[in-house]
Protein chains: 2
Amino acid sequence: MKLSTKGRYGVKAMFDLAQHMGEGPTSLKSIAERQGISEHYLEQLVSGLRKAGLVKSVRGAQGGYLLGREPDKIKIGDIIRVLEGPIAPTDCVSEEDPELCSKAEFCVTRAIWEKVRDSIADVLDSITLETMLEDAQKIESERNLYMYYI
Amino acid sequence: MKLSTKGRYGVKAMFDLAQHMGEGPTSLKSIAERQGISEHYLEQLVSGLRKAGLVKSVRGAQGGYLLGREPDKIKIGDIIRVLEGPIAPTDCVSEEDPELCSKAEFCVTRAIWEKVRDSIADVLDSITLETMLEDAQKIESERNLYMYYI
DNA sequence: TTATATCTTATAAAAACACTCGGGATTTGT
DNA sequence: ACAAATCCCGAGTGTTTTTATAAGATATAA
């Protein structure tokens with residue numbers, strides 16, 4: 001039940017892009033440095049995100065990547081699905097064409113995995129890059145408040 | 001974000017044990033046959049469950065396994081934790097000694113994985129073998145109702 | 001035209017997964 | 001006493017997934 005580095009790195013990279021919006025294209029090199037990720041590896045992940053329309057690329061010198069749409073229109077679930085595939089604790093409850101077994105209709109264990117799948121999807125689809133930016137700002141201002149009182 | 005066969009087989013096997021309570025020890029062979037699982041592989045899984053006290057073993061001919069405690073005292077989360085380890089979409093939010101990074105306190109992505117972890121744990125800890133037995137009975141009686149009206 | 005980037009494909013080490021096997025210990029029934 | 005059933009334990013093995021690394025092609029700004 002672990003996320004692979006693809007999902008983790010992907011969300012980090014997308015959040016990094018969100019934090020640098022309005023500064024022109026952000027290069028993979030700078031993201032990789034800030035987030036401590038292999039640049040070459042990141043290339044592969046971003047390639048998928050680009051094909052899914054979650055980021056736009058600008059080639060050539062001073063090029064890089066931009067968010068594919070507004071941060072409030074990019075759910076964490078979108079990112080995870082591109083990089084890790086459909087949300088599915090088991091194949092028989094995959095969001096995309098589940099591999100139903102003959103007893104699926106009456107399967108009591110299957111019902112559990114469905115609930116797990118839905119609870120994960122609910123969390124991931126309730127958070128957007130915009131939400132994350134707001135959370136980051138909140139943490140930052142609380143931190144300043146704390147500093148003030150020292 | 002997939003469960004391995006360990007978790008899936010383990011829950012199936014435990015539910016099988018629950019369904020055969022009161023019939024004396026249930027052999028791995030019969031569980032393996034009913035659930036379509038390799039018997040030798042199942043041995044390994046059950047070994048862990050026994051060490052965790054979720055099942056009791058009876059050795060020798062006519063031996064087998066029994067539930068370690070009442071079915072309403074065995075949560076699916078208990079089974080999953082034994083077989084798959086602590087619930088943790090990432091290492092930094094593991095239920096057991098999380099590998100915190102230096103920025104953990106202010107990490108916005110980490111907060112997401114915490115929510116995912118908690119939502120998974122909530123589902124798995126809200127379902128017991130007893131619940132599953134009730135669900136199975138409900139499905140069975142609905143099925144009989146349907147048959148009656150044909 | 002040079003440096004900076006993205007893009008694409010290939011290769012590969014390491015880890016995880018899903019068994020498989022062999023043999024030993026324990027108990028029941030004959 | 002003995003055979004059959006069953007749990008118990010550790011080692012080995014093939015496959016897949018993960019996590020990169022590398023090389024080279026393409027595109028663009030300065």
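Every chain is numbered from 1, with letters handed out A, B, ... down the list of sequences.
- The 5' end of DNA chain C is approached more closely, in terms of each residue's nearest nucleotide, by B:E84 than by the other of B:Q44 and B:E84.
- The 5' end of DNA chain C is approached more closely, in terms of each residue's nearest nucleotide, by A:G60 than by the other of B:Q62 and A:G60.
- Interatomic distance, B:L28 CG to B:E43 CD, rounded to the nearest 0.5 Å: 6.0 Å.
- When rounded to the nearest whole Å, the span between CG of B:L45 and P of D:dG10 equals 16 Å.
- OP1 and OP2 of D:dA25 both lie 4.0 Å or more from every side-chain N or O belonging to A:R59.
- Taking a 6.0 Å sphere around CD of A:E105, one finds it holds 12 or fewer heavy atoms contributed by other residues, nucleotides or ligands.
- Remark: A:R81 does not engage A:E96 in a salt bridge, criterion side-chain N to carboxylate O under 4.0 Å.
- Heavy-atom neighbours of A:E95 CD from other residues, nucleotides or ligands within 6.0 Å: above the threshold of 12.
- Nucleotide D:dA5 holds its C1' atom 14 Å from the CD atom of B:E33, rounded to whole Å.
- Distance NZ (A:K6) to P (D:dT19): 7 Å, rounded to an integer number of Å.
- Between B:K2 atom NZ and D:dT16 atom C1' the separation is 12 Å, expressed in whole Å.
- Note that CD of A:E70 is 11.0 Å distant from OG1 of A:T128, once rounded to the nearest 0.5 Å.
- The two residues B:M1 and A:E84 come nearest to each other via the heavy atoms N-OE1, 4.1 Å.
- Residue whose closest nucleotide on DNA chain D sits further toward the 5' end, between B:L28 and A:E39: B:L28.
- Counting only heavy atoms from C-beta on, A:Y41 has its side chain closest to D:dT19 among D:dA29, D:dT19, D:dC7.
- If you take CD of B:E43 and C1' of D:dG12, they are 16 Å apart, rounded to a whole angstrom.
- On the nucleic acid side, DNA chain C has its first and last nucleotide under 4.0 Å of a heavy atom of chain B at C:dA18 to C:dT28, going 5' to 3'.
- Taking atom NE2 on B:H40 and atom C1' on D:dC8, their separation rounds to 12 Å, with Å as the unit.
- Between A:Y9 and D:dA20 there is a side-chain polar atom (N or O) within less than 4.0 angstrom of OP1 or OP2.
- For the residue pair B:Y65/B:S27, the side-chain donor-acceptor check at 3.5 Å is not satisfied.
- A:V46 comes within 4.0 angstrom of no nucleic acid atom, judged by non-hydrogen atoms across all strands.
- Candidate nucleotides D:dC7, D:dA4, D:dT21 were compared by shortest atom distance to the side chain of B:A61, and D:dA4 ranks first.
- You'll find that the side chain of A:S4 is closest to D:dT19, out of D:dT19, D:dT6, D:dT21.
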